Structures are given as structure tokens and as C-alpha cells.
> 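This is the structure I have questions about; it appears just below.
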Number of protein chains: 2
Amino acid sequence: MDVTADPPARFDVFAASCPSRRLLDTIGDKWASLVIVALGLGGPMRYSELAARIEGVSQKMLTQTLRGLERDGLLTRTVTPSVPVRVDYELTPLGYSLKDTIRHLKEWAEAHLPEVDAARAAYDRAHAKP
Amino acid sequence: MDVTADPPARFDVFAASCPSRRLLDTIGDKWASLVIVALGLGGPMRYSELAARIEGVSQKMLTQTLRGLERDGLLTRTVTPSVPVRVDYELTPLGYSLKDTIRHLKEWAEAHLPEVDAARAAYDRAHAKP
DNA sequence: CTGTATCCCGTCTGATACTG
DNA sequence: CAGTATCAGACGGGATACAG
């Protein structure tokens, strides 16, 4: 291995190529974060349970999201070849660690979202068309 | 104040109408989070400084992002009517508190992104076309 | 310097229909 | 049950031109 070729070790979030952008891709994904929270709450869940629990997600988006999270090593997909088939999803330790991080977001939201709402209302009032 | 009328106090992240979705809209927004980090790092910054610091952001997106954050009460916009005009942006206390939350994300990223990369590589290898 | 206004294309998403 | 395939519409976001 060539030690002279390892610039990616440093993080520069402002660089377009910073890997941290990919984390935001996951966290920011509405469905991905909901899947993580759901699995973090109640342990393994079946496909259909997730579909029922997460309001508004389409079949396509759920599948797509699960594939992405599986690829990133955040959850495992277990197929039981019964009839009909049964597929369970479960967070990996990596997935659990991310869930804890998401919990910080949740706490911030619960603590400060009312302020954001107030700020929005004030802003909209000030900029409303007369 | 009418205590009988406060159902929104409970959070159900799985409900389509949950206010927490709006937090993800902000955090997940690539440019919004970068603006917050940038301002959290070096105090107030001018429009042009932000544009220079945040690699790859277009004029349109920067302005749009700043307006959104201002509306949410996360930063203030101060216009100095000189010639040419000067505009400074600064985090509010609310914005600073969110910055701390984003820092948790950053720490997770630095600690675990290599694992995600490894997982992706393994997944892609396993699913590659032969 | 700091925006606003338009055009426009690629991506994302949701329905719908079909399969192992 | 748990997906895959396909298509059309909505939307984000960049490039460009122009204004206060």
C-alpha cells in the first residue's frame, strides 16, 4: 500500500467530495431515517410490518430504502423460505449506533421545534402580502 | 391558554404529519447543514464569504437556503446599506444549538463512515454482474 | 456585492400492473 | 408475502441573464 496516497483521511465538509455528504444522504432521506427508528424501537420487523408502520411510504420507496440501508451495512435482510416467504429486517450494530445519533435529532426537535414554528409564523407574518 | 386543545404535544414520527419531518428537511438539506456548520465555525459571514467557502453551491441555492434558515429562526440577516451593500449572516442561539446536534452527526460520520464504505464495497462485490 | 427571474433538464416518486 | 417493471408527472437544482 502506498502511504503517500492517502489524502482522504482528513474531512473537509465544505469540499464537494467529502464523504460526510453521504451521511446526510441517509439521514436526510425521510424513509431511511424512519426505517431506522422503527427497527430501533421494536427489534426485527417484517416487510409488511414496516409498510404498515410507516405511514405514507410506497412499496417502491420502501424496497428501495431497505436495499440502500442493507448496502450501507445498517441493517440485515433475512429470508425465510417458507410459503409464503417471510423476510425480516434487523438493525446491525452499526445501524443501532446511527439510531442513537438520530435520537439526538429527535431530542432537538422536541425541544426546539416549537421555536422554529414561532419563528416561521413571525417571518411569514412580517412578509405577508398586504 | 386552553389546556384541552394541545394534541400536537405528542410526537409520532411515523405519522405523515409529524413536525419532525421538517427537521429532517433542514438537516437533510446538504446546503442548509453546510451553512450552519460554516457559521458555527467562524462567526458571522458575508454572503460572498459563504459562497466561497461552500464548494459547489450555486447562487440560487445559497440564497434560497439562507432565506429558509432565516425563516426558521436559525440565523439572522443583517444588511449594511453601504455602497456596495453588505449583508452578514449569523447564527441565532437556536441555530447554535442545532449546530451542536449536527456535530454529533459529524462525529458519527468520522467514526463509522469507513465501515459504511466497507459494507458498500462488500455488497457491490457480492451483487456484481459475473 | 447581493440578490431576483427564467429556462430547462435530470432525478425522484407515486400509481399501476405483473411475478416468484 | 415480498417484491420487480414500467411509465408519467412533480420537483430540485444548475446555468444564465438581469437589477437594486
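Bear in mind that the values here come from a model prediction, so they are computed numbers and not experimental data. Basis for what follows: all heavy atoms, side chains included, without hydrogens, waters or symmetry-related copies. So that the names make sense, note that chain A is the first sequence line, chain B the second, and so on, each numbered from 1.
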> Taking the nucleotide of DNA chain C with the closest heavy atom to each, which residue, Val85(A) or Asp29(A), is nearer the 5' end?
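Residue closer to the 5' terminus by nearest nucleotide: Asp29(A).
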
> Find the distance Asp25(A):CG to dG12(D):C1' and express it as a whole number of Å.
14 Å

> What closest approach, in Å, do Trp108(A) and Thr101(B) show between heavy atoms, and which atom pair accounts for it?
CD1-OG1, 3.3 Å

> For dT2(C), does either OP1 or OP2 sit under 4.0 Å from a side-chain N or O belonging to Arg46(B)?
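For dT2(C), OP1/OP2 do have a side-chain N/O of Arg46(B) under 4.0 Å.
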
> Check whether any side-chain nitrogen or oxygen of Arg77(B) sits under 4.0 Å from OP1 or OP2 of dG3(C), and answer yes or no.
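It does, given that an N or O in the side chain of Arg77(B) lies less than 4.0 Å from OP1 or OP2 of dG3(C).
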
> Given 3.5 Å as the limit, does a donor-acceptor pair link the side chain of Thr80(B) with the main chain of Ser82(B), or not?
no

> Please work out if Gln59(B) contacts a base, only the sugar-phosphate, or nothing of the nucleic acid, heavy-atom cut-off 4.0 Å.
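Answer is base: heavy atoms of Gln59(B) come under 4.0 Å of a base.
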
> Using atom CD of Gln64(B) as one end and atom C1' of dA15(D) as the other, report the distance to the nearest whole Å.
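The distance from CD of Gln64(B) to C1' of dA15(D) comes to 15 Å, rounded to the nearest Å.
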
> Rounded to whole Å, how long is the line connecting atom CG of Asp88(A) with atom P of dA2(D)?
8 Å

> Tell me the interatomic distance from Arg86(B), atom CZ, to dT2(C), atom C1', rounded to whole angstroms.
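Between C1' of dT2(C) and CZ of Arg86(B): 13 Å.
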
> Closer than 4.0 angstrom, basic N to acidic O: yes or no for Asp88(A) and Arg77(A)?
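No, this pair does not count.
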
> Taking CG from Leu62(B) and C1' from dC1(C), how many angstroms apart are they, rounded to a whole number?
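Spelled out: CG on Leu62(B) to C1' on dC1(C) is 13 Å.
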
> What nucleotide, of dG3(D), dC1(D), dG14(D), holds the atom closest to the side chain of Lys60(B)?
dG14(D)

> Establish, from distance only, whether the side-chain atoms of Tyr89(A) and Thr78(A) form a donor-acceptor pair under 3.5 Å.
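Absent: no donor and acceptor within the cut-off.
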
> Nearest whole Å is fine: how far is dG3(C) C1' from Leu50(B) CG?
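Those two atoms, CG and C1', are 14 Å apart.
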
> Using the side-chain heavy atoms of Tyr47(A), tell me which of these nucleotides is nearest: dG3(D), dT2(C), dG3(C).
dG3(D)

